[in-house]
K.L.:
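Below: one structure in structure tokens.
Only a predicted model underlies this, so the values are computations on that prediction, with no experimental measurement involved. A note on names: the letters A, B, ... follow the listed sequences, proteins ahead of strands, and every chain is numbered from 1.
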Protein chains: 2
Amino acid sequence: MPVPKKSAAEKPGTPPRGPRSRIQKRNRQIILDAALEVFSTHGFRGATLDQIAAEAGLSKPNLLYYFDSKDAIHRDLLTRLLDTWLDPLRMLDAQGEPQAEIMAYMRRKLEMARDFPRESRLFANEILQGAPRIEQFIRNDLRQLVDEKAQLLADWSRTGRLAPVDPYHLIFSIWALTQHYADFAAQIGMIRGAGHDPLDGAEPFLEQLYTRLLAP
Amino acid sequence: MPVPKKSAAEKPGTPPRGPRSRIQKRNRQIILDAALEVFSTHGFRGATLDQIAAEAGLSKPNLLYYFDSKDAIHRDLLTRLLDTWLDPLRMLDAQGEPQAEIMAYMRRKLEMARDFPRESRLFANEILQGAPRIEQFIRNDLRQLVDEKAQLLADWSRTGRLAPVDPYHLIFSIWALTQHYADFAAQIGMIRGAGHDPLDGAEPFLEQLYTRLLAP
DNA sequence: TTGGTTCTTGACTGGATGGTCAAACTTGAT
DNA sequence: ATCAAGTTTGACCATCCAGTCAAGAACCAA
């Protein structure tokens, strides 16, 4: 009577589900980092597993030991991104001073463009393709949050604490301006010259722009 | 002694160079239109000739009868785009009234986002990938034009006809805001709901924004 | 109608690409 | 040191994809 092995993964080739080993953690992170680099510049279909493997310094079968498929890597990246993508807007505080709150929101978004340009480009690529993989996220989570904050902005305008301004376009304008510095960094860099940080002077300009717009 | 044929193209399979037949003109246009649709949503590497052929309602070999390669189609699209991409900024007139000139420039860019969203996304895709195919255009033509107009804006600011404002970031902000309505139309559409034109209300908002910024 | 030219396409090729697999190597608990 | 589990990879496969080719269909001037 053969003793059933207690061991092993449920499916062959599937890494253990529970707590991951040091190696698991390290290599998953290396792969995600490499994949972010490649997906964010070439888009999903334009990226290849060989490119990602080369970037990660691992073999292609090794990649597929840690992730089930190219799609799984991409899905993982997007999921992690969306988790934090909404935070800056969530922090817009109804109890705060309207102009200061909006300025702080703009500054948080600008920081994300500075610190996570690859994530920004990954997101931009997804939207350019019509957002096929994050449609539900946008229609549900993002839309609800924007509606809620737009309501808050409208209230602020109505009570005279903020200039009368279209709240949706105000939010869109912050997205447009801050993301531009990440997504179009290549263009800005080529125009401003090599020795120039693309974001130099961006914050003062945006402060000037929104200070003038928002004063009641 | 065989009489040399005067006829035929220089290379077999190469369409005639000179004046194109009706069919040539029509099919080239159909192909470019289909390719614009596909390239602008999937990027160069993410697009396939089969997709373009299906979109155009032609067979793949037929595509390659009119264009030498996938690359040639893409290059043709970019070339046509760049030809007109700079016009709105070129029209910024040193003789005009500063605020009105900038407003008119913003309006021209917004019109392009409305009328040519696919071209805008084609350009965005190219920049996201690091602008490999249009680097020379950006470093030379675009950079020179921007430097020249930034100089003009700086002069306007110095002589008090315009608020003191960073001229480069002023131009970038117009690019960012207007392109956003084309490139992120999918996102805006999902947030604002189905029955909504993404560009509704954009122009009044942008006028308000720049009116407040630019007043001396 | 005729005959040369232009246009169209089914069938194909070579190389890239996502993914599989079994064998080999490494690690770490005992 | 031992060995079972976890990790790595060379070789391989099926499919996709850009591009070719030769033969046939449509066009048009005489």
K.L.:
Nearest whole angstrom, please: distance from the C1' of dC12(D) to the NZ of K60(A).
P.N.:
11 Å

K.L.:
Can Y181(B) and H169(A) be counted as having a side-chain donor-acceptor contact under 3.5 angstrom?
P.N.:
yes

K.L.:
What is the distance, rounded to the nearest whole Å, between atom CD1 of I31(B) and atom P of dG19(D)?
P.N.:
14 Å

K.L.:
Taking CG from D50(B) and C1' from dG19(D), how many angstroms apart are they, rounded to a whole number?
P.N.:
11 Å

K.L.:
Are W175(B) and F184(A) close enough that their ring centres sit under 6.0 Å apart?
P.N.:
no

K.L.:
Within the structure shown, what part of the strands sits under 4.0 Å from A53(A) by heavy-atom distance: base, sugar-phosphate, or nothing?
P.N.:
nothing

K.L.:
Answer with yes or no whether the side chains of Y65(A) and N27(A) bring together a donor and an acceptor at under 3.5 Å.
P.N.:
no

K.L.:
Roughly, in whole Å, what's the span from CD in Q24(A) to C1' in dA5(D)?
P.N.:
12 Å

K.L.:
Whole Å only: how far is the CG atom of L64(B) from the C1' atom of dT8(C)?
P.N.:
13 Å

K.L.:
Nearest whole angstrom, please: distance from the P of dA25(D) to the OH of Y65(B).
P.N.:
17 Å

K.L.:
Would you mind reading off the distance between R45(B) atom CZ and dT17(C) atom C1', rounded to a whole angstrom?
P.N.:
11 Å

K.L.:
Taking side chain as C-beta onward, heavy atoms only, is I73(B) less than 4.5 Å from D68(B)?
P.N.:
no

K.L.:
Please determine, for the side chain of N27(A), which listed nucleotide (dA11(D), dT8(D), dG10(C)) has the closest atom?
P.N.:
dT8(D)

K.L.:
From C-beta outward on R22(B), which listed nucleotide comes closest to its side chain: dT8(D), dT20(C), dC28(D)?
P.N.:
dC28(D)

K.L.:
Grab the OH-P distance between Y66(B) and dT6(C) for me, whole Å please.
P.N.:
12 Å

K.L.:
Closest approach to the side chain of K70(A), judged atom by atom: which nucleotide of dG19(C), dC17(D), dA11(C) is it?
P.N.:
dG19(C)

